Amino acid sequence: MVHQSRQTKSIRRSLEAAIAAMLSAVLVLQPLPAWAAKRKVVKLQGDERIVHALNRLTFGPRPGEVATVRRIGLDRWFALQLHPESIDDSALEARLDQYPAMRLQQADLLQKYPTPQILRLVDQKKLPMPADPMEVAIYRDGIARLQQKKEQKKEMAAPKAALPGDGVDPATPSMAVHEQQLYRGLDTVRIVNLSPSERMQAIISLAPEQVAAFQGSLTPVERNAMLNGLAPEQREVVLAITQGPQFIDNEVTQTRLLRDAYSSRQLQAVMTDFWLNHFNVYARKNQNEPWLLTAYERDAIRLHALGRFEDLLVATAKSPAMLEYLDNAQSLGPNSPVALRNARGQRAGPNRPRPQGVNENYARELMELHTLGVNGGYTQADVTAVARVFTGWTVEPQRGGEFSFDARRHEPGPKTVMGKTIPAGGEDEGLQVLHQLAASPATARFISNKLAVRFVSDTPSPALVDRMTKAYLKSDGDIAAVLKAMFSAPEFWSQTNEYAKVKTPLEFVISSIRATNAEVTDPLPLVRTLDRLGMPLYGMQTPNGYSWQAEPWVSTGALVNRMNFAVALSGNRLPGTTIRWPSLLNEEQGVVRTAALSSEEDEKKEARLELLLLERAAPAQTRSAVLAQVVNRPAQMEAEKRFPIRLNDNDPMGRALNPDTGRPQAQVPVDRDAALMGGLLLGSPEFQRR
Amino acid sequence: MMAGKTTRRGFMRNGALALVGTSAIPAFLSRSVMAEMTAAAQRSKKLVVLFQRGAVDGLNMVVPYRESNYYAMRPTIAIRQNEVLDLDGFFGLHPAMASLQPLYRQGHLGIVHAAGSPDNTRSHFDAQDYMESGTPGIKMTQDGWLNRALQAERLSATPSAFRAVALGPQVPRTLQGSVSAIAVNNLAEFSVAGGGPRTSPTSDAFQAMYDSSSDTVLHGTGQETFEAVKMLKAADPAKYKPAAGVVYPNTVFGNNLRQIAQLMKANLGVEAAFSEVGGWDTHQDQGNSQGQLANRLREFSDAIAAFWQDLGDGAEDVTLVTMSEFGRTARQNGTGGTDHGHANVMFVLGSQVKGGKVYGRWPGLANEQLNEGRDLTVTTDFRAVLGEAVYRTMAPRGLDTVFPGADLRPNGFLNFL
C-alpha cells in the first residue's frame, strides 16, 4: 500500500470513487444518518488514514506532508501534535517577526499603541503623556485623529452632509478621511526619499494636522517606499501614526491567518480556531475590543487549547475581550456598594446616570453556549443567580486592558446555582461556579459533541460522543484526553466519514494556501477574502459563533465566491500571495510555455496536480472538465481578473513588494496550464470537503 | 428538510428552468423560455423585508409629539413639535424622513406603532434571533419565518432560483431553511470567472464538475448556483437603471435596494427579498432633529423612497415591511443616547396597503404606562404584522407553520392590507 505505484493507486481510487458514488446514491434514499445504518464499519487504511488525519486535525495537508507523517508514523505524529511545545515553529515565528506589536503583553500594547479610551483620558490630563518620543508622536497624532473625527461628526450632523458607512456600528472607528486637497505644500516626496532613520524621524516629527495630509497624499508607490528599509517596530509606529485604529485590526487578523497557514503546530492552530469560535468574541463590539484580541487569542485560548477545559473557561471568563463582549464588565450587583451609592445620588440632578444593574448576558451564554448547552438543566433562576455571582468581574476601568475583581460592584450574600449553595465569597464565587460547570456531565457531553461535529461528522454517532464524554469526565476535562479518545475511536476512521465534512470558508482558504505551498507576503487580501466568503475573522456578531455544519456554507453566493477565489489564487491574481507552480511540480524554473502541450502531457500534469491538491485521484467528471479546459487558455486570463479583491489602500506591509515598481504587479504564473488546472481543482466539489 | 429540497430540485429539473440551466440553449431561446416562466412568477406578490439591526429608536422615528412625558423624558434628544412632519395630529415623522411623508399622504405607507416581541429580552442577539426565527423565546428553531412562509406557499408556477434573495454575504436567519435562498452582495460580481452575457469556459467547466458530482449537497447547490448565474446573465439586470430622477443613497443599503429593484424589473421571479441596515444602536450622542440618528434615518428613508419610485408600475405587487429587534428606552440616558428598550415601530409600504394611518393601540408614555417603568409597552405582536403581510401577499396554507404558537387569525389582523 505504502509503496503502491501511483497508477494502481489511481485505478483503485477511481473504483472506490465509483463505489462511494453508489453508496452515497443509496444514502440519499436513506433518511437516517450514516452511523445508524447497521453495517460493518469499513475503516480507512494506510495513506488514506494519513490524508484523513491531516484533513481533520490540520488546516489541510501541504505538499510532501503525507510522506513526512508516513515516515514519523501517524500515531507518533498525533502524539507530537498534542504537545505543541515539542514542535519547532521557528519558520512561523520568523514570519511573525514582522508584527512585533502582536507579541507585546496587554499592558505594553496599550502603553505603546493606546486605545481611543486611553487617548481621551490623556487628552483630559487624567493619564500622563508618555516620555518616549515615538510614543509621544503616536499619542499626539491619535488624539488629533479623535478630534478630527469629532469635527467630522459635527459636519455630518449638518443637513445634506455625507453619510457614514452603512452597516457600521457608530462605535466602530471608521477609516479616516484623507484631506488630500489641504496641505498641498507638504513635501511628501522629500520625506519618502530620506534614508530610513531620517524618514522615521521626519514622520514622527510631523505635526498632527499634517499626518492626515501626508497619508492622503501618498501614492501607492510612495506608501510602499515609506515603509521600505524600516525595522518591523519602526514600520508599526509609522502605520499606527498613519492608519490609526485600523492598524491593530489589520495586525490581529493577519497574524491569525498566518499562524493557521504556516504553523507546524497545526492541531494547536485548529483547536485555537475551534475554541475562538466556541468562546466567540466580536472585534467591533466596541472601540477597545480589537486591542484585546491578541492577548485573548494567545493567553486565554491558545495557551489552553489542548489543556484542561476548566483552565480555558476561567481564562475566558477573566479575559477583558469576553468581559466586554458579553457586557459582564458593566454588570452591577443591585445591592452592591456602588449601586447603593448610585441610588442615593440619583435624586440629585435631572441627568441621572444610566440605569445600571445586573447584566445577564454573560451568565446566560456561559451556561447555554460555553458549558452546559441549551438543554443542560439550568433555569432562568440559575441564570440570574450566576449573573449575580459574576458581578464585580470587570475590566480595570482606566486603561481597560486587565481583569479586575471590583468588590464594590459585587452583589453581597450567598447564591444558589443549580441546587448548590455558593457561600458569599467575592471573586471565589465565580471560580466555584466555573468549576461546577466544567465538571458537569452536561458540559462533558456538550463539548464532546461539538468536537465530534468539528472533527468527525455533522451528525456524529452517539457511541462516539459517549466515548469522548467518558474520556472528558475520567480526565477532569483534559481536552487532549478527549481528542485521544476520538482519535482511537473506530468512528473517526470509518470510511463513511471520509470527506464527510464541508470546509468552512476559513478551512477552504487556508487549505488552498497549504495545498499549493503558496507564499503569503501580505495576508490582508486573504483576510478580506474571508469577509467576502461570509466568515470574517473575529467578525461573528452573535455569541454562538460560526456553524461547524455544512448548511450555512454551501449557499449559492458562497460557491460563486469560492470558485472565483480558486481561479484568482491559482493565477496569482490575489495581491500578496504567490504560488510557484513550476517548483511545486518540480519543473524547470523560468520556462514560459507558449505552445500547448500534447494531450498526453496535459493528462500527466493534471494527474500530478490532482494528487498534489486533492491528495487523491479526482473523479472522472472532474478530471474531464479540467482537461477540456486546457484548450481554453485565453479564457483563463480573463477569468483570473474577476475576483474583486484589491490591495487595500492601507496596505500594511508592502515589504515583499519592490517599492520601485510601485503598486504590486500581479505576477504572471510561469506555468499557465498548471495555474488553470489548479484553479479548477481548487474550485472543484472535491476540494470543498475535508 | 433534505427531502423537501430534493423534491423541489426534481420539480425544477422537469420544468422550464431546467432548459434555462442548459448551456447548449442559445441565449435568445433561453430568454424566451424565461419570459414564459416569469410571466407566472410576475403575477405573484413580492415581499421585501428590511431589518434595522441594532434596535432603532422608534420613538424618535415616529414621534408621539402630543405626549408631554416624551419631552420630559428626553430633554436634549426629543424632536420638537415644530420640527416633526405631522402624520395624524398625534404622531409625526422625524424631519430626516421627509422623503417618506409623500408616501404616507398618498396612502401607500402604513405605520404600526408599539409593535414588538412578547419576549422581554434586551439582548440584540436573542431579540434578533427570535424575530428572525419568528418564535420568541425559543432558540432551537432551525429556520426563519420568511423561509417557512415560502414553504407554506401554494405554488402556481415553477419557483425561480431567485425566489428568495438576500442582499449580503450570507443568507440571514430570516431566510434560512429548506427553501433555497440566494445571498448576493453585488449582482455584477455574481458570475463565475468572467462577466459578460455568456458564461465563461471556466464557469462551464465548473458547472460540468458540479452537475455530474455524486456529492449530493454540493451537486444541488452547484446546480442552483449555475442556474442563477445563467438566469442573471440572460436577464442582465444591470441594464435596468434606476428610473429617471431616482437617486439611491450611495451606501450599502441604498445599493441593496437598487439591486432588489433591478432583480424585480428583470422579472427573475423574486418573491421574497431581504436586506439589513445597521447603525441604530445609539447609546451615545444620538442627536435630535440632526445628528447621528438623523443621518441614519435620512439614508433609510431616502433609500426606501427611491426604491418605491424606481419600481414605478412594478410596485403594484410589492409589499415592504421594516422591523428592528426592539425599541429603545423612553428616557434618554446619561450619555445623550438611549438604551435597550422594548416596543418599536414598523413600516408597511405597498400599493395594496391601506396607508396614511398609524395602526396599533397606543399604550401611552406616562411613567405608569411604561413597560418595566422604562420602555414603550408592546401592544401589537410583531408576528401579527408579519403574519398579515405574509397572509395577504404569499397566500400560504395557514399561518400556524409560519409562526408556530402565535395563534394568528385573520380576524385579529390590523387590516392594513
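Just so it is clear, the values below take in all heavy atoms, side chains as well, and ignore hydrogens, waters and symmetry mates. Per chain, numbering begins at 1; letters A, B, ... match sequence-line order. If you're wondering where the values come from, they're calculated on a predicted model, not measured in any experiment.
Most heavy-atom pairs under 4.5 Å with chain B, from the set A:Gly683, A:Gly557, A:Ser555, A:Ala625: that is A:Gly683. Counting heavy-atom pairs under 4.5 Å between each of B:Gly168, B:Ser213, B:Ala208 and chain A puts B:Ser213 at the top. Considering only heavy-atom pairs separated by less than 4.5 Å from chain B, the leading option among A:Arg364, A:Met535, A:Glu686 is A:Arg364.
Looking at A:Asp531, the atoms closer than 4.5 Å to chain B (heavy atoms on both sides) all sit in the backbone: N, CA, C or O. Of the two parts of A:Glu368, only the side chain, counted from C-beta on, holds a non-hydrogen atom closer than 4.5 Å to a non-hydrogen atom of chain B. For B:Asp126, the part lying under 4.5 angstrom from a heavy atom of chain A is the side chain only. If you measure heavy-atom distances from B:Ala228 to chain A, the contacts under 4.5 Å come from the side chain alone. In this structure, chain A has a heavy atom under 4.5 Å from the side chain of B:Val171, while its backbone stays farther away.
Closest approach of A:Gln621 and B:Ser214 over heavy atoms only: NE2-N, 4.0 Å. The shortest heavy-atom contact between B:Thr221 and A:Val554 is CG2-O, 2.5 Å.
Annotation: the span from B:Ser178 atom OG to A:Glu551 atom CD amounts to 9.0 Å, rounded to 0.5 Å. From A:Arg532, atom CZ reaches atom CG of B:Asn185 across 6.0 Å, with rounding to the nearest 0.5 Å. Put simply, OG on A:Ser684 and CG on B:Leu218 are 9.5 Å apart, with the number rounded to the nearest 0.5 Å. Residue B:His340 holds its NE2 atom at 7.5 Å from CG of A:Asp327, rounded to the nearest 0.5 Å. Distance CG/A:Asn361 to OG1/B:Thr121: 7.5 Å, rounded to 0.5 Å.
Residues A:Gln629 and B:Asp204 fail the side-chain proximity criterion, which asks for heavy atoms closer than 4.5 Å. The shortest distance between side-chain heavy atoms of A:Arg562 and B:Phe206 does not fall below 4.5 Å.
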Q: Run the numbers on A:Leu680 and B:Met209 for side-chain contact (heavy atoms from CB on, under 4.5 Å), then give the verdict.
A: CA-CA 9 Å; A:Leu680 287 168; B:Met209 285 181 199; 3.7 Å; yes
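Side-chain atoms of B:Asp215 never come within 3.5 Å of backbone atoms of A:Pro685 as a donor-acceptor pair (strictly under, hydrogens ignored).
Residues meeting the side-chain contact (heavy atoms from CB on, under 4.5 Å) test with B:Leu370, sequence neighbours left out: B:Met73, B:Ala330, B:Arg331, B:Leu365, B:Asn367. Residues forming a ring pair (Phe, Tyr, Trp, His ring centres under 6.0 Å) with A:Tyr325 (at least two apart in sequence, or on another chain): B:Phe125.
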